[in-house]
Trainee: 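Pasting in a structure now, in structure tokens, and then I'll have a few things to ask.
Atoms considered below: every heavy atom in the structure, side chains included; atoms not considered: hydrogens, waters and symmetry mates.
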Protein chains: 2
Amino acid sequence: MVRCEDQGLKDDCFVRQYRQTTEWSVLSKDELRRIDEVAVCRIHKVGTDVFREGEPCRGIYYVRNGLVGVRKSDPEGNSVILWRLAFPGNTLGLRPLLAEESHRGGAEVLETSTICFVSVSVIRDVLKNSPALEHRFLQSAARALGDAEEAYFESVTQSVRTRLAHVLSIFKDHSGRTADDGSLVLDLPLTWRNISALIGVRPESMSRVIRKLDDEGWAHFSGRTVYVRDFDGLVGEIGPDRVV
Amino acid sequence: MVRCEDQGLKDDCFVRQYRQTTEWSVLSKDELRRIDEVAVCRIHKVGTDVFREGEPCRGIYYVRNGLVGVRKSDPEGNSVILWRLAFPGNTLGLRPLLAEESHRGGAEVLETSTICFVSVSVIRDVLKNSPALEHRFLQSAARALGDAEEAYFESVTQSVRTRLAHVLSIFKDHSGRTADDGSLVLDLPLTWRNISALIGVRPESMSRVIRKLDDEGWAHFSGRTVYVRDFDGLVGEIGPDRVV
DNA sequence: TCGGCGCATTAACCTAGGTTAACGCCTCTC
DNA sequence: GAGAGGCGTTAACCTAGGTTAATGCGCCGA
């Protein structure tokens with residue numbers, strides 16, 4: 001609802017990627033600036049929808065800061081899972097745009113987020129003039145496909161315990177810090193409810209697992225803060241790395 | 001092991017796609033012919049590997065006829081699932097090629113198959129000269145990604161029963177025929193063991209499910225032949241279509 | 001200030017599917 | 001013709017996780 005300019009924020013989401021190594025970095029500074037010019041950045045409040053499942057794809061959403069989750073629900077609306085998280089720097093809506101499909105999941109703001117929107121027509125135009133960008137997208141789509149296979153495999157193969165360890169390792173890379181005594185402290189940016197949905201289980205089962213993990217001394221859970229004694233031990237004992 | 005020419009088969013896998021609507025159809029007849037010229041077609045026997053998990057990707061494999069399955073196993077080698085099937089007309093190895101990764105799954109010949117191999121360098125060369133082909137691949141990769149999400153969702157959400165119904169509907173489209181009395185007859189091209197692996201459960205559980213389905217009168221199972229009384233009823237009752 | 005709502009937790013209970021083991025059957029090989 | 005090995009099935013048993021229900025807590029809005 002709130003435009004970024006109102007907050008004195010400069011809309012330079014894409015130009016800033018010039019220095020980094022995202023897919024967009026293959027574009028020239030000028031091309032990126034041109035995207036920024038037409039991008040519309042807004043601040044979205046927690047709990048609101050960025051887009052809904054089944055809705056036609058109108059463009060892409062660059063998450064500048066905050067946190068957004070992509071949900072999927074069955075036709076009856078029940079059994080919602082959290083398919084993926086979009087952290088700052090991530091882009092939403094690119095898949096349906098490239099596939100020329102509707103959104104297969106709905107995006108919900110999990111933490112107040114600044115999100116920049118760029119319409120389909122702009123992106124298509126950019127792509128038409130930049131085979132290099134298309135090439136990069138193809139490569140990362142192919143990799144994402146491999147990751148999705150891996151996720152499927154994991155869901156069939158691994159226990160909730162193991163999958164939780166996997167999720168924690170994502171947050172470790174992302175928002176983990178080391179305490180004075182050398183142990184790892186995680187301030188989870190998600191409710192346990194959402195973490196359950198991310199793993200695809202009920203909150204009650206999640207609760208059960210974290211209590212057991214706590215009892216066994218692997219980690220201490222207090223609210224959304226997790227104190228991990230020995231992270232490598234946890235991941236190693238509970239489920240070996242599936243970094244392939 | 002056996003070259004196609006030895007059998008008097010003409011190597012025209014790719015040229016033939018000119019008339020059809022696959023991704024390759026965007027190429028000119030000449031370009032397709034040029035691929036055929038360097039393609040190596042061989043007949044692979046049941047049980048042999050086309051490529052193995054973790055192996056670097058040397059090129060793509062066009063399945064001309066027969067049936068190939070892509071397996072995934074965990075580091076210890078156990079708990080093998082069947083991730084996808086390659087029917088005649090399908091191509092294997094394109095994902096790792098585009099992602100510039102190694103094979104994340106191993107391909108095993110399930111029915112004696114004629115498979116045409118084209119090396120990485122040829123494909124890369126073709127792609128470099130055809131943005132149109134790259135565009136088509138990007139689109140289908142994006143769609144495949146959506147399908148993989150769906151598969152994940154289904155594995156988390158749906159029962160074995162439902163997932164079996166889903167698999168049967170694949171074979172219905174593929175190798176189903178209608179009996180004189182109007183009922184549907186499927187001659188499954190896979191062992192039940194492999195169908196279990198496709199769904200991600202043990203053969204024993206599979207057995208349990210088909211017996212129940214038989215008892216309840218939905219279908220009759222005899223060896224690898226399935227007689228389905230009322231297919232739409234089965235799919236409708238057991239799990240609504242997830243055609244989104 | 002109070003009521004209500006959504007998160008989190010616990011406990012009791014239930015069930016789908018994994019595990020183990022045994023058996024029949026087929027095919028291939030020696 | 002005998003053995004071996006793979007498939008398919010059944011049965012008995014076990015466990016992870018879903019289901020239901022109850023309780024406490026914190027937050028928000030009236």
Trainee: Rounded to whole Å, please give me the gap between CZ in B:R224 and C1' in D:dC7.
Mentor: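 Distance check: B:R224 CZ to D:dC7 C1' gives 8 Å.
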Trainee: Distance from A:L213 atom CG to A:H220 atom NE2, nearest 0.5 Å?
Mentor: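 A:L213 atom CG to A:H220 atom NE2 measures 12.5 Å (nearest 0.5 Å).
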Trainee: On the 0 to 90° scale, with breaks at 30° and 60°, tag the B:F51-B:H103 ring pair as parallel, tilted or perpendicular.
Mentor: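 Taking B:H103 first and then B:F51, their aromatic rings lie parallel (interplane angle under 30°).
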Trainee: How would you list all residue pairs meeting salt bridge (Lys or Arg N to Asp or Glu O under 4.0 Å) that involve residues 183-204 of chain A, not counting sequence neighbours?
Mentor: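 Checked against salt bridge (Lys or Arg N to Asp or Glu O under 4.0 Å) - neighbours excluded - the pairs reaching residues 183-204 of chain A are A:R177-A:D187.
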Trainee: Looking at A:E154 and A:R163, does any basic side-chain N land under 4.0 Å from a carboxylate oxygen?
Mentor: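 Here A:E154 does not pair with A:R163 in a salt bridge, since their nearest N and O are not under 4.0 Å apart.
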Trainee: Would B:C13 and B:C41 count as a disulfide (SG to SG under 2.5 Å) if you check the C-alpha gap in whole Å, the side-chain angles of each, and the deciding distance to 0.1 Å?
Mentor: CA-CA 9 Å; B:C13 304; B:C41 296; 3.8 Å; no
Trainee: Indicate for each nucleotide in nucleotides 9-28 of chain C, in 5' to 3' sequence, whether protein heavy atoms under 4.0 Å reach the base (B), only the sugar-phosphate (S), or nothing (-).
Mentor: SBS-----BBSBB-------
Trainee: Find the distance B:L188:CG to D:dG8:C1' and express it as a whole number of Å.
Mentor: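 Value for this atom pair: 14 Å.
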